[in-house]
Amino acid sequence: MYEFLGNLLKDHKGDIIFQCFGIWHLLFMGIIFTGIIGLVIWLKNKSQETRDKAIDTSISCAFGLYILDFFLMPFAYGEIDLEKLPFHICTVSCVLCFLSRHNKFFEKYKLQFALLGLIGNLIYVIYPAGVGWYQVAPYSYRVIQTLLYHGVMTCYGILTLAYDDVKLEWKKCYKELIVIVGITLWALLGNALYNSEARVFNWFFVVQDPFYILPADIAPFVMPFVMIATIFVADMLVYLCYFRIRGKKE
């Protein structure tokens, strides 16, 4: 069984390689966005109870995919990749979104977690650089699991906004900044604990500039503030789009 699962889930090489903005990436994006749009349209004439169940199911599926990945990574990669620990915005937002639907304390920040999950995972669906680096076939577990997970998280964020599971308010947008700062501190802790000479994780891009514009000795002091500003601006853009769409509907 171990050998069977290893052969099934391992990185497959060949003439067909998954590349960012290549034909297979565009196909995956087409499937993800078509599925999300189709679900939004299907739920349009459904009851709020059905919509709530769909939202709950989407985050439960994302959380299930995240946890299941830790059990399947030994078969796929021969080890559990510490990169998947919840210190990146894509992974920590999943855990926080799931907790926000099952815990009263975290429920207070359900909106903020949903927005961060939407932004972080949508960016990755559009630009899955982490998958492209490995130069593997598009049917490899690494590709399918990663894009499926980020796609479901994106779906959860869109559904929460589309069907009033959360409502944005300009006067409370400062909470977004508080949560972003909290996640930045959490990422700094993760990097401090796990980074070594053998491997640098750069969770949430707070210790290295992913575009290598900033010098390596300066980046750790600048990137936390860059990430806070970048994600907060992205949040505000979501706010603008949200109220523009809502205004047209009303």
Side-chain angles (χ1 to χ4, degrees), residues 11 17-37 58-59 61-70 72-73 76-77 81-98 112-161 176 179-180 183-184 186-187 190-191 201-211 223 226-235 237-238 241:
D11 287 341
I17 298 297
F18 179 89
Q19 296 178 321
C20 291
F21 307 115
I23 184 64
W24 287 100
H25 178 206
L26 296 177
L27 178 60
F28 274 112
M29 280 201 298
I31 293 172
I32 290 170
F33 292 132
T34 299
I36 293 173
I37 293 171
S58 63
I59 191 58
C61 287
F63 186 73
L65 287 169
Y66 178 61
I67 297 301
L68 180 63
D69 191 34
F70 283 94
L72 295 182
M73 277 190 281
Y77 318 134
D81 187 0
L82 295 181
E83 183 77 34
K84 293 293 185 76
L85 289 176
F87 293 106
H88 253 316
I89 187 173
C90 300
T91 49
V92 71
S93 62
C94 175
V95 176
L96 293 173
C97 286
F98 183 79
Q112 289 72 38
F113 298 154
L115 280 180
L116 290 175
L118 171 60
I119 292 168
N121 287 279
L122 178 59
I123 291 173
Y124 201 91
V125 168
I126 295 173
Y127 185 56
V131 174
W133 290 335
Y134 290 93
Q135 295 289 293
V136 298
Y139 52 84
S140 296
Y141 168 79
R142 184 188 300 275
V143 176
I144 295 174
Q145 191 279 336
T146 304
L147 287 174
L148 179 61
Y149 165 78
H150 287 83
V152 175
M153 279 298 299
T154 300
C155 179
Y156 169 75
I158 291 174
L159 290 181
T160 57
L161 292 177
E176 321 295 337
V179 172
I180 294 168
I183 289 178
T184 302
W186 175 247
N191 283 293
F201 292 98
N202 197 26
W203 281 303
F204 200 36
F205 309 117
V206 293
V207 296
Q208 288 183 344
D209 177 6
F211 300 107
M223 286 307 299
V226 170
M227 291 307 300
I228 290 171
T230 300
I231 300 302
F232 185 67
V233 168
D235 260 325
L237 290 175
V238 173
C241 293

Start with the C-alpha distance between Phe18 and Tyr139, add both sets of side-chain angles, then the distance that settles side-chain contact (heavy atoms from CB on, under 4.5 Å), and finish with yes or no.
CA-CA 9 Å; Phe18 179 89; Tyr139 52 84; over 6 Å; no

Counting only heavy atoms from other residues, nucleotides and ligands, does the tally under 6.0 Å from OH of Tyr127 exceed 12?
no

Could you tell me the separation between the [atom1] atom of [X] and the [atom2] atom of [Y], rounded to the nearest 0.5 Å?
| X | Y | atom1 | atom2 | answer |
| --- | --- | --- | --- | --- |
| Gln208 | Asn191 | CD | CG | 9.0 Å |
| Ile180 | Ile231 | CD1 | CD1 | 6.5 Å |
| Tyr156 | Cys94 | OH | SG | 9.5 Å |
| Ile228 | Met223 | CD1 | CE | 11.0 Å |
| Cys20 | Trp133 | SG | CH2 | 9.0 Å |
| Trp186 | Phe87 | CH2 | CZ | 4.5 Å |

Tell me the closest heavy-atom pair linking [X] and [Y], and the distance in Å.
| X | Y | answer |
| --- | --- | --- |
| Ile144 | Pro138 | CG1-O, 3.8 Å |
| His25 | Ile126 | CE1-O, 2.9 Å |
| Phe113 | Leu96 | CD1-O, 3.5 Å |

Indicate the ring-plane relationship of Tyr141 and Tyr77, choosing parallel, tilted or perpendicular according to the 30° and 60° boundaries.
tilted

Angle class for the Trp203/Phe201 ring planes (parallel below 30°, perpendicular above 60°, tilted otherwise)?
parallel

Could you go step by step and tell me if Ser93 and Met153 meet the side-chain contact (heavy atoms from CB on, under 4.5 Å) rule?
CA-CA 9 Å; Ser93 62; Met153 279 298 299; 3.8 Å; yes

Are Phe205 and His88, when compared by the centres of their aromatic rings, separated by less than 6.0 Å?
yes

How far apart are the C-alpha atoms of Tyr124 and Val131, what are their side-chain angles, what is the distance that settles it, and do they pass the side-chain contact (heavy atoms from CB on, under 4.5 Å) test?
CA-CA 10 Å; Tyr124 201 91; Val131 174; 3.7 Å; yes

